There are 2 protein chains.
Amino acid sequence: MHRKLNIEKVAEYAGVSTATVSRVLNNYPFVKDETRRKVLQVIRETNYQVNAVARNLRRKKTHSIGVIISNVLSSFYSVIAKAVEDAAIRNKFSTVLCNGGDSPEKELSYLKVLHENRVDGIILSPTGKNRDYLSFLISSGIPITLVDRTVKGLQCDTVLVNNREASREVVRYMLRQGYRNIGFIAGPQDRLTGIERLQGYYDAHENEGVPVHEGLVKMGDFLIESGKARAIELLENGRLDALYVSNSDMATGAYVAIKEKGLRIPEDIGFAMFDDPDWASLVTPGVSAVRQPVYTLGSTAADLLVKRIVDGSGAIDKEPVKIVLEARFIKRGSV
Amino acid sequence: MHRKLNIEKVAEYAGVSTATVSRVLNNYPFVKDETRRKVLQVIRETNYQVNAVARNLRRKKTHSIGVIISNVLSSFYSVIAKAVEDAAIRNKFSTVLCNGGDSPEKELSYLKVLHENRVDGIILSPTGKNRDYLSFLISSGIPITLVDRTVKGLQCDTVLVNNREASREVVRYMLRQGYRNIGFIAGPQDRLTGIERLQGYYDAHENEGVPVHEGLVKMGDFLIESGKARAIELLENGRLDALYVSNSDMATGAYVAIKEKGLRIPEDIGFAMFDDPDWASLVTPGVSAVRQPVYTLGSTAADLLVKRIVDGSGAIDKEPVKIVLEARFIKRGSV
DNA sequence: TTGAAAGCGCTAACAA
DNA sequence: TTGTTAGCGCTTTCAA
């Protein structure tokens with residue numbers, strides 16, 4: 001049991017100085033081959049792993065990035081988390097994952113933890129609050145990249161999806177197919193995604209000159225149960241000829257409600273959703289859906305952040321970049 | 001922009017020594033109230049956050065734990081990840097999440113990264129390989145807790161689910177309901193979970209004295225597509241009167257296959273699965289399913305690990321603990 | 001109740 | 001090509 005195996009011991013065993021061991025560890029080129037071999041052998045024999053804590057202190061870099069998302073259990077954010085981690089590893093960074101649960105207080109407390117741990121940068125799907133602290137972090141040299149949502153007035157790199165346009169396209173398609181009473185289950189209106197997808201629904205109606213009838217829009221919370229409940233309410237509306245749901249979890253609930261009512265898709269009712277979960281293409285007919293480039297969203301954010309970190313362009317030396325990715329409407333048979 | 005705000009600056013601003021600032025930071029009781037107030041004010045005004053890297057180096061503790069799971073995208077492992085993170089936060093630990101992708105090489109490389117970063121402990125859903133390195137880590141003082149799977153010959157805390165017994169219970173119930181040709185879609189046979197769930201299927205048949213007919217057992221890979229494909233193969237077997245699928249992803253595919261064939265559950269075919277995803281209780285009739293205590297699996301593992309860390313009982317001073325949690329068979333209407 | 005100072009393990013400037 | 005050494009920011013003895 002080597003309770004304290006450090007660079008000094010390794011140096012001692014190899015009969016060299018700690019500086020030389022350090023050079024070998026960091027692939028510094030001007031080390032005599034024989035010396036290098038000797039050191040590497042000791043490292044191998046002892047299973048020595050450099051102490052990254054000490055190295056990080058000295059280098060003032062941790063080669064780690066923090067990720068704050070609302071919840072890894074969500075099908076959306078788990079993909080973001082995976083994408084970020086993959087990108088991080090590709091660049092030899094490690095990730096610290098935090099589930100902020102859409103709570104501004106948790107968000108703040110995680111931001112502080114990440115700051116304490118001197119992560120080199122942060123990827124955040126923000127609640128929209130804590131602008132001052134975020135801006136303090138940026139000004140003290142920790143770059144931040146926002147994902148999927150924004151913080152009003154915060155200057156930093158951001159990666160978004162064109163929610164509004166994609167949503168508009170779905171509804172326009174449905175209207176042009178002849179549907180006139182399209183029920184919509186919206187998401188929370190305190191979030192960019194919730195707001196924009198609803199906006200797209202209205203845009204399409206306006207563009208096509210079709211009025212939105214009373215009671216066709218229901219507010220949900222992006223969770224599965226609310227999808228089922230709001231769908232049941234809507235299905236009681238005799239006029240309804242189609243249903244468009246603004247995320248996949250609510251769509252799961254809504255789909256079940258339609259099936260339990262014995263309605264056929266698309267004969268009795270048209271159906272479409274924002275998001276494209278596995279089951280959308282597995283059922284018959286397939287459900288027409290908006291596929292967001294979720295993985296790309298995460299990996300783009302990570303690449304942006306890593307570039308800012310390694311360029312040494314820091315948090316503030318370079319203009320903020322805003323990238324909007326295109327979601328794609330996939331027509332299957334449901335509408 | 002405070003490029004280098006450290007304890008020294010804070011001490012200077014507050015007119016005290018760094019030692020005193022440190023005492024305040026760590027809630028050391030014997031500091032004069034007035035001094036404490038002065039220091040806290042400077043901290044508040046400057047937004048000072050202690051440098052955890054330096055603190056960790058000095059204390060030789062990082063208050064962080066590493067988590068290696070196969071993939072956060074899986075509905076199973078994302079819950080584990082969330083449970084571990086929740087438990088960690090509760091104990092003021094942070095987590096470093098790694099997706100090992102069931103690859104022994106990635107597993108090893110992540111173990112080394114975590115070692116480098118001097119995490120205080122590791123939670124691992126192991127591939128089964130790398131026993132020597134794992135055992136080296138344990139002997140050098142880094143406790144490891146295994147989750148859901150085991151590594152042959154490795155002495156460490158382990159948290160498992162009684163896969164075999166739970167699986168046996170499902171099949172026994174089906175047999176006693178009168179089903180005689182129960183198709184089974186098994187998981188990979190290189191994993192404890194895959195092996196044990198299949199074993200339970202055989203156990204039940206043996207106990208009930210019912211022979212397993214040729215071709216009723218198909219090998220899948222725990223993924224959605226293989227569930228659909230294997231189900232289609234099985235449904236061609238004219239004798240089949242029920243289908244039992246060994247995890248939820250494959251069950252999703254299998255369920256779709258059944259529906260697309262126009263079969264009714266349970267009139268035309270009985271259906272049950274291991275795992276209990278949201279949709280199992282949303283469809284009609286509900287699908288009878290084995291609910292694993294997934295969250296508990298993760299939180300138990302984390303609690304075990306944290307206890308070993310903070311007890312100072314270390315990695316080897318205390319006998320390894322093995323905990324087997326009970327999965328529960330939930331009868332709905334599908335079988 | 002407070003301060004001075006050593007030292008955690010490493011890197012990097014400088015000297016040789 | 002290698003060694004000596006200062007110092008990263010903190011905690012913690014020891015002394016006052």
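Computed from a predicted structure; not experimentally measured. Just so we're on the same page: letters track the sequence lines, and every chain starts at 1.
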* Considering just the side-chain nitrogens and oxygens of Thr35(A), establish if one lies under 4.0 Å of OP1 or OP2 belonging to dT2(D). => yes
* **N or O in side chain of Thr20(B) less than 4.0 angstrom from dG3(C) OP1/OP2** => yes
* Structure fact -> Rounded to whole Å, CD of Glu116(A) lies from C1' of dC10(D) at a distance of 12 Å
* To the nearest Å, how far apart are Tyr28(A) OH and dA12(C) P? -> 11 Å
* To do: Looking at every strand, decide which applies to Val16(A) at a 4.0 Å heavy-atom threshold: base, sugar-phosphate, or nothing.
  => sugar-phosphate
* Look at Tyr48(B) and dG9(D) and indicate whether a side-chain polar atom (N or O) is within less than 4.0 Å of OP1 or OP2. => no
* **Separation of atom CZ in Arg59(B) from atom P in dT13(D), rounded to whole Å** => 12 Å
* To do: Rounded to the nearest angstrom, tell me the gap between atom CG in Asn51(B) and atom C1' in dC10(C).
  => 14 Å
* Have a look at Asn56(A) and say if it touches a base, only the backbone sugar-phosphate, or nothing, with a 4.0 Å heavy-atom cut-off. => nothing
* Along DNA chain C (nearest heavy atom to each residue), the more 5'-positioned of Asn26(A) and Arg58(B) -> Arg58(B)
* Of Pro29(B) and Val21(A), the one whose closest DNA chain C nucleotide lies more 5' -> Pro29(B)
* Nearest-Å distance for atom pair CD/P, residues Glu34(A) and dT1(D) -> 12 Å
* Rounded to the nearest angstrom, tell me the gap between atom CG in Leu57(A) and atom C1' in dA6(D). => 13 Å
* Structure fact -> To the nearest angstrom, the CZ-P distance between Arg118(A) and dC10(C) comes to 21 Å
* Are the charged groups of Asp102(B) and Arg149(B) less than 4.0 angstrom apart, N to O? -> yes
* Asked: Hey, are Asp157(B) and Lys322(B) close enough for a salt bridge, meaning a charged N less than 4.0 Å from a carboxylate O?
  -> no
* Structure fact -> Exactly one of Thr62(A), Leu305(A), Val310(A) clears side chain to side chain contact (heavy atoms under 4.5 Å, CB included) with Phe93(A), and that residue is Val310(A)
* Asked: Which comes earlier along DNA chain D counting from the 5' end, the contact point of Ala19(B) or that of Ala54(B), where each point is its nearest nucleotide?
  -> Ala54(B)
* Phosphate-side-chain proximity, Asn6(A) and dC8(C), N/O vs OP1/OP2 below 4.0 Å -> no
* To do: With Lys112(B) as the cation and Tyr133(B) as the aromatic partner, state whether NZ or CZ is under 6.0 Å from the six-membered ring centre and within 45° of the axis.
  => yes
* To do: Would you indicate what Val53(A) reaches in the nucleic acid, counting non-hydrogen atoms under 4.0 angstrom: base, sugar-phosphate, or nothing?
  => nothing
* Side chain Asp120(B), main chain His63(B), donor-acceptor under 3.5 Å -> yes
* Asked: For dT11(C), does OP1 or OP2 lie under 4.0 Å from any side-chain N or O of Ser22(A)?
  -> yes
* Structure fact -> Lys60(B) atom NZ is separated from dT13(D) atom C1', nearest whole Å, by 16 Å
* Determine whether any donor atom in the side chain of Arg23(B) lies under 3.5 Å from an acceptor atom in the base of dG3(C), or the reverse, and answer yes or no. => yes
